[in-house]
Peer 1: 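Dumping the structure here so I can ask a few things about it.
Residue numbers begin at 1 in each chain, while the letters A, B, ... track the order of the sequences. Keep in mind the model is a prediction, meaning the values are calculated, not measured.
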There are 2 protein chains.
Amino acid sequence: MALEHAILVSLLEKPGSGYELARRFERSIGYFWTASHQQIYRVLKRMESDGWVDVRDVPQQGRPDKKEYSVAALGRDALAGWLHEPIQPESVRHDLAVKIRGAAFDDPAALIREVERHRQAHTERLAHYLAGQARDFPESRSPGTDACTGPGSDPHPVALPSPPDAGRELQHVVLRGGIAYERMMLDWLDDVLATLRRLGSAR
Amino acid sequence: MALEHAILVSLLEKPGSGYELARRFERSIGYFWTASHQQIYRVLKRMESDGWVDVRDVPQQGRPDKKEYSVAALGRDALAGWLHEPIQPESVRHDLAVKIRGAAFDDPAALIREVERHRQAHTERLAHYLAGQARDFPESRSPGTDACTGPGSDPHPVALPSPPDAGRELQHVVLRGGIAYERMMLDWLDDVLATLRRLGSAR
DNA sequence: ACTCACATGTAACGGGTTACATGATTGA
DNA sequence: TCAATCATGTAACCCGTTACATGTGAGT
């Protein structure tokens, strides 16, 4: 389980209400972990009773009051503990792969539309990630593998990434992972489409 | 939900017992869908009472008797129905990404070991997939992108993939997806390690 | 009047994980 | 005798999803 830890990370990056957390889970954090507001409120309540987070009532004008959550000492400890214990590499769950193998007992061509829909969704996500990267990390160029970030790309050789910049760097490497994932998926879905079309035209 | 559909696909490919299914979920099917034996027995029982599968007691000598399950007409219909209804592109869950962002509030260097462990696991999975590909699909060569499967690679131009071969082709394209995923992960984990080491040496 | 964004919840259900439980046969 | 493989389950618990529920204030 990591939802509570994801919430701790998000609240450490910036305190906020359950509603705000829910919106973050549709955006940045949601790139690699999803959660609905119902889930968040439920877990937040448990975390509060466990003393992992502090709550503060924030009256607002022009909109409903909110509860602002921030990480307490116990929460920090819990996060540190989790960070230091090993987790096992997650197992994959691909509905689409099940469908593709199932298509052998149905009409493979009938899946083409579905795969195209998924391809479209991944294209949009990739564009979204790339836009985020261009906005938040404008220093990263080269749409390629990013492998050759040699010297000279930095305009003025300021200090090496100091602790305050670590969070930014880490957010960026996670985002690069999302980008790599979407690119891989697009390539594979093209492979799938080619295979389905080949099978369809062969009969 | 797709476990019952994954089971249907597996039983269509070959009838078998709950135990055998559990082992398949550790191997081929398990590449893209995991399930424990407890889960399988539970779902199998429901599928039986729903008339999706037929059971046959198979007495064995030298080992305990088993129940062999096979797909019934209703199960075939259920699978066909599921194949034709759209599913939404699955959302991602990456514990490791949460940890990486969390490392900003802890010691980034402490994560290196963990990431190396994951890298090792993905290396092994990739090797496993490649071995499976070499065993089951020896006609596929070129460890590259597989993009240029031009003419001439086929020794004798036999018939185009006819329906009996469709299942094989589809299994292969799913396996190629697994291979692409593991390669992408290895590249990304190298990127993560480089980032963590850079942050560690900077302080 | 209606809809949208903000804000917080409860309840029910089903899926997934973990622990526990049983029992036969084979081989070291 | 002990461990491993084959074979089938039950029970408890938590997580995630879906549906339902309530209320404010801003803008059209």
Peer 1: Could you tell me the separation between the CG atom of A:Asp65 and the P atom of C:dT8, rounded to a whole number of Å?
Peer 2: 9 Å

Peer 1: Determine whether the side chains of A:His172 and A:Arg168 contain a donor N or O and an acceptor N or O closer than 3.5 Å.
Peer 2: no

Peer 1: Where along nucleotides 23-28 of chain C does protein come under 4.0 Å, by heavy atom, of base (B) or sugar-phosphate alone (S), with - for untouched nucleotides?
Peer 2: B-SS--

Peer 1: Need one value for A:Thr34: base, sugar-phosphate or nothing, where a base atom within 4.0 Å counts as base even if backbone is also close, heavy atoms only.
Peer 2: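 Since no nucleic acid heavy atom lies under 4.0 Å of A:Thr34, the category is nothing.
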
Peer 1: Within 45° of the ring axis of A:Trp33 and under 6.0 Å from its six-membered ring centre, is that where the NZ or CZ of B:Arg93 lies?
Peer 2: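 B:Arg93 over A:Trp33 ring: yes.
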
Peer 1: Write down the atom of B:Leu186, the atom of B:Thr123, and the distance for their closest heavy-atom approach.
Peer 2: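 Looking at all heavy atoms of both residues, the closest pair is CD2-OG1, 3.5 Å.
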
Peer 1: Is a donor on one side and an acceptor on the other found under 3.5 Å between the side chain of A:Thr195 and the backbone of A:Asp191?
Peer 2: yes

Peer 1: Need one value for B:Gln60: base, sugar-phosphate or nothing, where a base atom within 4.0 Å counts as base even if backbone is also close, heavy atoms only.
Peer 2: sugar-phosphate

Peer 1: Just the rounded figure in Å: distance from P of C:dC6 to CD of A:Glu68.
Peer 2: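 Value for this atom pair: 16 Å.
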
Peer 1: Tell me the interatomic distance from B:Leu44, atom CG, to C:dG15, atom P, rounded to whole angstroms.
Peer 2: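 For the pair B:Leu44 CG and C:dG15 P, the rounded distance is 14 Å.
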
Peer 1: In whole angstrom, what separates A:His37's NE2 from C:dA7's C1'?
Peer 2: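 Result: 9 Å.
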
Peer 1: Before accepting this row, confirm whether a basic side-chain N of the pair A:Lys14/A:Glu20 lies closer than 4.0 Å to the acidic partner's carboxylate O.
Peer 2: no

Peer 1: Please compare B:Arg93 and B:Tyr69 by the position of their nearest nucleotide in DNA chain D and report the one closer to 5'.
Peer 2: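 Whichever sits nearer the 5' end wins; that is B:Tyr69.
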
Peer 1: Using 4.0 Å as the upper bound for N to carboxylate O, is an ion pair formed by A:Glu116 and A:Arg119?
Peer 2: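 Salt bridge flag = no for A:Glu116 with A:Arg119.
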
Peer 1: Send over the distance from A:Leu21 CG to C:dT8 C1', rounded to a whole Å.
Peer 2: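 Atom CG in A:Leu21 sits about 13 Å away from atom C1' in C:dT8.
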
Peer 1: Can you tell me if B:Gln39 touches the phosphate of C:dT17, counting only side-chain N or O atoms and a distance under 4.0 Å to OP1 or OP2?
Peer 2: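 Looking at the OP1 and OP2 atoms of C:dT17, one of them is under 4.0 Å from a side-chain N or O of B:Gln39.
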
Peer 1: Ion pair present between B:Arg24 and B:Glu13, side-chain N to carboxylate O less than 4.0 angstrom?
Peer 2: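 Answer for the salt bridge query: no.
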
Peer 1: Taking NE2 in A:His84 as the centre, count heavy atoms belonging to other residues, nucleotides or ligands within less than 6.0 Å. Is the count above 12?
Peer 2: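 Yes, enclosed.
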
Peer 1: Phosphate oxygens OP1/OP2 of C:dC6: is one of them under 4.0 Å from a side-chain N or O of A:Arg23?
Peer 2: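 Checking A:Arg23 against C:dC6: at least one side-chain N or O falls below 4.0 Å of OP1 or OP2.
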
Peer 1: Considering only heavy atoms of chain A and a distance under 4.0 Å, specify the first and last nucleotide of DNA chain D in 5' to 3' order that meet this criterion.
Peer 2: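 Listed 5' to 3', the contact boundaries are D:dC15 to D:dA26.
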
Peer 1: Keeping the roles fixed (side chain from A:Trp188, backbone from B:Val173), state whether a donor-acceptor pair exists under 3.5 Å.
Peer 2: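 Checked: pair present.
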
Peer 1: Map B:Glu4 and A:Lys66 onto DNA chain C by nearest heavy atom, then report which one ends up closer to the 5' terminus.
Peer 2: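 First, find each residue's nearest nucleotide; the 5'-ward one identifies A:Lys66.
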
Peer 1: Expressed as a whole number of angstroms, how long is the span from B:Tyr41:OH to C:dT17:C1'?
Peer 2: 17 Å

Peer 1: With hydrogens left out and only the distance checked, is there a donor-acceptor pair under 3.5 Å joining B:Arg42's side chain and the base of C:dG16?
Peer 2: yes

